[in-house]
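Order of appearance sets the numbers: ligands from 1, and atoms from 1 within every ligand. Counting begins at 1 with the first residue of the sequence.
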Amino acid sequence: MPSGLSSILEKKDHDRSDILAMLQCSEEEAPLLYRKAAAVRDRYVGNHVYLRGLIEYSNICGKNCLYCGVRRDNSRIQKYTLTNDEVIEAAMTAHKLNFGSIAIQSGENSSKVFVDNIEELVRAIRKLTGGELGITLSLGEQTRETYRRWYEAGAHRYLLRIEASSESLYRRVHPEDEMHSFYHRLDCLRVIQETGYQTGTGVMVGLPYQTMTHLADDIIFMRDFDIDMCGMGPFIEHSDTPLGVRGTDNLFLRERFNLTLRMIAIIRIIMKDINIVASTAMQTIDPAGREKAISCGANVVMPNLTPARYRAGYLIYEGKPGYREVNETNISGLNFEHMPGMTLGRGTWGDTPHYRRRLSKE
Ligand code: 5AD
Ligand code: SF4
């Protein structure tokens with residue numbers, strides 16, 4: 001007689017109660033979930049880990065998310081913006097090391113100077129690498145026009161985490177003002193998809209006030225939105241933020257870590273051929289966190305290429321690692337002994353089959 005979990009894993013489609021059961025399976029059963037997710041990953045997208053060289057362009061942010069160390073009101077960090085030469089140098093390092101692609105991330109800024117400059121950088125990087133280096137942007141909420149300009153300049157993937165797909169939870173972890181509207185964020189995600197980007201989203205796991213039902217609904221949200229890429233990570237308190245003090249009912253970090261592994265496994269089992277990031281936040285809690293996420297179905301890592309002297313300024317959460325993790329002998333910083341059977345996907349954009357499949361359905 002198969003256990004509850006193994007009969008759920010045999011199903012073709014999963015409803016909300018199945019997702020909740022997977023999220024809440026026992027510690028003894030969890031490896032079954034993880035193994036299934038890894039097998040689905042191998043079958044639908046292969047046993048490769050793709051690299052996105054991460055360039056943290058600027059920590060100047062107009063928003064004030066209650067959880068984030070880079071928020072506008074945190075005056076304890078030194079603000080910085082990389083020069084264009086620094087961005088291009090980091091991109092060329094990614095190209096030279098055969099990463100295949102980069103991701104440019106930044107605090108949110110919609111000024112004309114910022115928008116124009118990103119457009120120029122995207123064009124320059126495409127030109128300098130003969131179109132060989134893929135470009136993902138993660139630059140927050142922008143206008144339809146801005147998303148279009150950056151797309152036409154040559155960016156082809158965009159990540160905008162919904163952070164929490166429940167409106168009420170979203171409102172509890174953001175200031176109550178127009179700048180932090182749940183519906184505006186949702187609209188942006190739709191516009192990104194309509195513009196033609198491979199579209200990524202995700203949530204934080206273990207936010208204060210978050211329940212298992214919220215997490216199950218996050219999975220359903222991502223499935224219904226038909227995303228191409230997913231980035232999820234555990235919430236980690238940052239002491240210079242309003243949510244920086246661990247409340248008595250918050251989960252422990254290790255519980256958030258384990259729950260994130262389950263979320264990764266479940267989204268892999270349900271969406272099959274999307275790209276899923278093994279986030280740096282996982283590595284913050286556990287030195288082998290990214291490898292463990294890969295063993296549970298993830299297939300992308302984002303080694304940090306931001307020049308070392310700026311990194312202290314991009315502490316979204318405390319304890320964020322990443323100093324000199326990239327070098328020529330181990331460009332991903334990953335320990336492959338922790339994930340037998342995996343290989344590094346180099347010199348390729350590492351696009352998802354999901355994106356092409358989604359377009360052919362439209
Ligand atoms: N803990 C974990 N992740 C965080 N992020 C922001 N603050 C935190 C935190 N305290 C994540 C958000 C954001 C991404 C850039 O970093 O999901 O989208
Ligand atoms: Fe700014 Fe993003 Fe941090 Fe919010 S999560 S404060 S938008 S950098």
Would Tyr147 and Tyr158 count as a ring-ring contact (aromatic ring centres under 6.0 Å, His included) here? Give the steps.
CA-CA 9 Å; Tyr147 288 134; Tyr158 205 103; 5.0 Å; yes
Between Gln193 and Thr199, does any side-chain donor sit less than 3.5 Å from a side-chain acceptor?
no
Should we count CD of Glu89 as having more than 12 external heavy atoms under 6.0 Å?
no
Given that the side chain starts at C-beta and the backbone is N, CA, C, O, which of these parts of Arg161 lies under 4.0 Å from ligand 1, counting heavy atoms, or is it both or neither?
side chain
Lys63 neighbourhood, listing ligand 2 atoms whose heavy-atom distance to it stays under 4.0 Å:
6 (S), 7 (S)
Check whether more than 12 heavy atoms from other residues, nucleotides or ligands sit under 6.0 Å from atom CZ of Arg171, and answer yes or no.
no
Cys65 heavy atoms within 4.0 Å reach ligand 2 at atoms 4 (Fe), 5 (S), 6 (S), 7 (S)
Applying a 4.0 Å heavy-atom criterion (strictly less than), which segment of Ala281 is in contact with ligand 1: side chain, backbone, both, or neither?
neither
Report the nearest protein non-hydrogen atom to atom 9 (C) of ligand 1: residue, atom name, distance rounded to 0.1 Å.
Ile236 O, 3.5 Å
So which heavy atom in the protein is nearest atom 3 (Fe) of ligand 2, and how far is it from that ligand atom?
Cys68 SG, 2.3 Å
Of the backbone atoms (N, CA, C, O) and the side-chain heavy atoms from C-beta on, which set of Cys61 has a member under 4.0 Å from an atom of ligand 2: side chain, backbone, both, or neither?
side chain
Classify the ring geometry of His174 against Tyr170: parallel below 30°, tilted from 30° to 60°, perpendicular beyond 60°.
parallel
Nearest protein heavy atom with distance in Å, relative to atom 15 (C) of ligand 1
Ile316 CD1, 3.8 Å
Flag for Thr343-His48: side-chain donor and acceptor within less than 3.5 Å:
yes
Keeping the roles fixed (side chain from Trp349, backbone from Glu132), state whether a donor-acceptor pair exists under 3.5 Å.
yes
Near Phe235 (heavy-atom distance under 4.0 Å), the atoms of ligand 1 are 1 (N), 2 (C), 9 (C), 10 (N)
Closest approach of any protein heavy atom to atom 4 (C) of ligand 1, naming residue and atom:
Met204 SD, 3.4 Å
Which protein heavy atom lies closest to atom 2 (C) of ligand 1, and at what distance to 0.1 Å?
Pro234 O, 3.2 Å
Hey, is atom 1 (Fe) of ligand 2 touched by any protein heavy atom at less than 4.0 Å?
yes
Out of Arg256, Gln105, Glu163, whose heavy atom sits nearest atom 18 (O) of ligand 1?
Glu163
Going by atom types alone, do His214 and Thr211 pair a side-chain donor with an acceptor below 3.5 Å?
yes
Gly345 to Thr348 - nearest heavy-atom pair and separation:
C-CG2, 4.1 Å
